[in-house]
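To start, the structure under review is shown below, and the notes come after it.
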Amino acid sequence: MSPETATPLTQEQKIDARLDAWVSTEGKPFASPEIAGAYRARAQRYADVCRLRVPDRVPTIATTGDLQQHMMGVTLADYFYDYPKAVAAAIAFYDKFPLVEYFPFSNFQPGPVFDKVQYQLYRWPGAQLGPNQGYQYVEGEYMAADEYDELIRNPEAWLLRTYWPRIMPGLKGLAGFPSLLGSLELPFVPFFFAGIGSPQVTEALETMLEASRLTGEFNAHMGQLIGTAMFAKGLPVTLGGFSKAPFDFLGDTLRGTRSVMMDLFRRPAKVLAACEAITPLAVKMAVDAAVNSGVPFAFLPLHKGADGFMSDADFAKFYWPSLEATLRGIVAQGVIPMMFVEGGYNTRLAHMAEAGLPAGTTAWMFDQTDMAKVKKFIGPWAAIGGNVPGSLFQTGTPAEMRAYVRDLMETCKPGGGFWMSPGVVLDHATEENFQAWLEAGVEFGAY
Amino acid sequence: MHQELIDAITGMDEESAARLTDHLLDAGVAPADILDDCKAAMDIVGKRFETGEVFIPELIFAGDILGQIAGRVKPRMAAAGQQQQRIGKVVIGTVQGDIHDIAKDIVAFMLDINGFEVTDLGVDVAPETFVETARAQGARIVGLSGFLTLAYEPMKETVAQLRALDPGIRVMIGGGQMDGKVRDYTGADAYGKDAMAAVALAKGWA
């Protein structure tokens, strides 16, 4: 049963079909039957967690950002500019830690692509930052208050012609991109393509093609890395698509933190309308990549809905409704959204539980939220994970780590639906603490 | 105290706050008195923040309203040769390698409104810059901000260099991935979980 013959399937059946295809080893070029078996067991374990079944043991999934680079003695800039070196370091990292059982995403990124388009939203190692400074967002107001209406009316047109030239000066010529209506009548077509052919639009399109070619170079190496991880090491890939909460799309890199917070007072209706306009795009972005990659999980880091960032009333009004709509839209197409819930969510859990999202269709990785509360409010209807503090990995001892994992397992393991992860994307950990964490996962994770 | 102005600020009513400020100034009220009203209002907002009645949007918006009031009031203070009373000096910044500034800006603002003379060094600040500024300003309180785990090492190094300058200097840390364990690791005196905690710490040390 293919998930693409969608109409007769329920969303749960679509999820199961996609998960089965992901777990299956048939037709995949594993190096040996043993590795295929390890892959299948690991993938099944995580699939069981997502569907709220009890697996054979709790899966331990290492979310890493710059950890591999620091541990393997390469620079963060190497992971942006020296792809063969990055691939070799990543594979050496898997070999060093055989208990890493899932493909650990890292900050392996195509620096030349960002250079080509002159990407302004971030600074990254090897370019504006030193070789060992992690990539970071540059807080700012990238969309003016008086641009809400244009965004709401036609988000992608506004992004293409106004926002892209602003955040990627290499594509500034897109400001002159002609109206798409120009393709709707034969006599209009020459005008449309004449517009495309204007020097500034052509230059932008050529830059895009070059960025695309540079991305292809990167993807060849990324493909090699993922191929090695999956087929030679048996590491399932657990993230296929990416997206964000609509409020975060608006608040993070369009309006910026300060401006969006003040918009809650100055133009609340516009904020809500913008979130609504962004929602279908947020769904499409998550689903397209997850379906194309065959990895039926979409990763959504959650930012501005955390405890303290707004009141529970504002969370219920501004943050949650468009996030819920996004999640329902993703799930409807058989993809499991996996939210990385950054910060604390202690006061949000009850509201989330009331939403009645279908059981076994979403996964939530927590940072600093009380996991006993998470187990109580979220555990009955969604997979949960996360919580091991980044500070413990870096400044604790192996004994403290073991004790922490033991306690976390006691709280969250019963009944299944739990996987273990750090509460952060790990940049720093001592080798001893990281190894102790992996071992404790096996020691305390068995059912 | 001008209760109407205080209510406008705590009620997040920026138009009334601006109008009332102009009205008070035109009526001859001393600029320093209006700043006292602002401080009283921000005390209320801060207390509501501590008790979980208001959150970061209200802190940011109230801060913006106060900025608008200060913009109206301060030219008249300068013209009258008046200065605000200060209870202590604080040097603050985001440590080397980290460029996050939102939380640090809120802390700096709350310290300022609570009577501290704040020198904000910005982001990605080298340990030596903290030390040189603390020495030049004669500041005995330093606030180190960092959002990422990469901030731990530069925080530790900054604390060490500050201690070498002045063993009695007080250092507080705060930010996304900070906690008591990181305080121990870095050798800082205290960890503050938010802007109000930072104000309480600084007042305790001033």
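Per chain, numbering begins at 1; letters A, B, ... match sequence-line order. These values consider heavy atoms only, across backbone and side chains, with no hydrogens, waters or symmetry-generated copies.
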Record all donor-acceptor atom pairs with a distance under 3.5 Å between chain A and chain B; write none if the list is empty.
unit_1   : atom_1 : unit_2   : atom_2 : d
A:Gln136 : OE1    : B:Ile99  : N      : 2.5
A:Gln136 : NE2    : B:Gly97  : O      : 2.5
A:Arg258 : NH2    : B:Asp105 : OD2    : 2.3
A:Arg266 : NE     : B:Glu14  : OE1    : 3.3
A:Arg266 : NE     : B:Glu14  : OE2    : 2.6
A:Arg266 : NH2    : B:Glu14  : OE1    : 2.7
A:Arg266 : NH2    : B:Asp64  : OD2    : 2.7
A:Gly308 : O      : B:Ile56  : N      : 3.0
A:Gln368 : NE2    : B:Gly176 : O      : 3.3
A:Ser391 : OG     : B:Asp179 : OD2    : 2.8
A:Glu400 : OE1    : B:Lys181 : NZ     : 3.3
A:Glu400 : OE2    : B:Lys181 : NZ     : 3.4

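- Residue B:Ile141 holds its CD1 atom at 8.5 Å from CG of B:Leu111, rounded to the nearest 0.5 Å.
- To the nearest 0.5 Å, atoms CG (A:Leu302) and CE (A:Met339) are separated by 6.5 Å.
- Annotation: the span from B:Phe49 atom CZ to B:Phe55 atom CZ amounts to 8.0 Å, rounded to 0.5 Å.
- In this structure, the separation between CD1 on B:Ile9 and CD1 on B:Ile44 is 9.0 Å, given to the nearest 0.5 Å.
- Chosen from B:Leu59, B:Ile102, B:Ile106, B:Val54, the residue pairing most often with chain A at heavy-atom distances under 4.5 Å is B:Ile102.
- Atom CG of A:Asp78 is separated from atom CE of A:Met72 by 13.0 Å, given to the nearest 0.5 angstrom.
- Using the six-membered ring where Trp is involved, A:Phe93 and A:Phe434 have ring planes that are tilted, between 30° and 60° apart.
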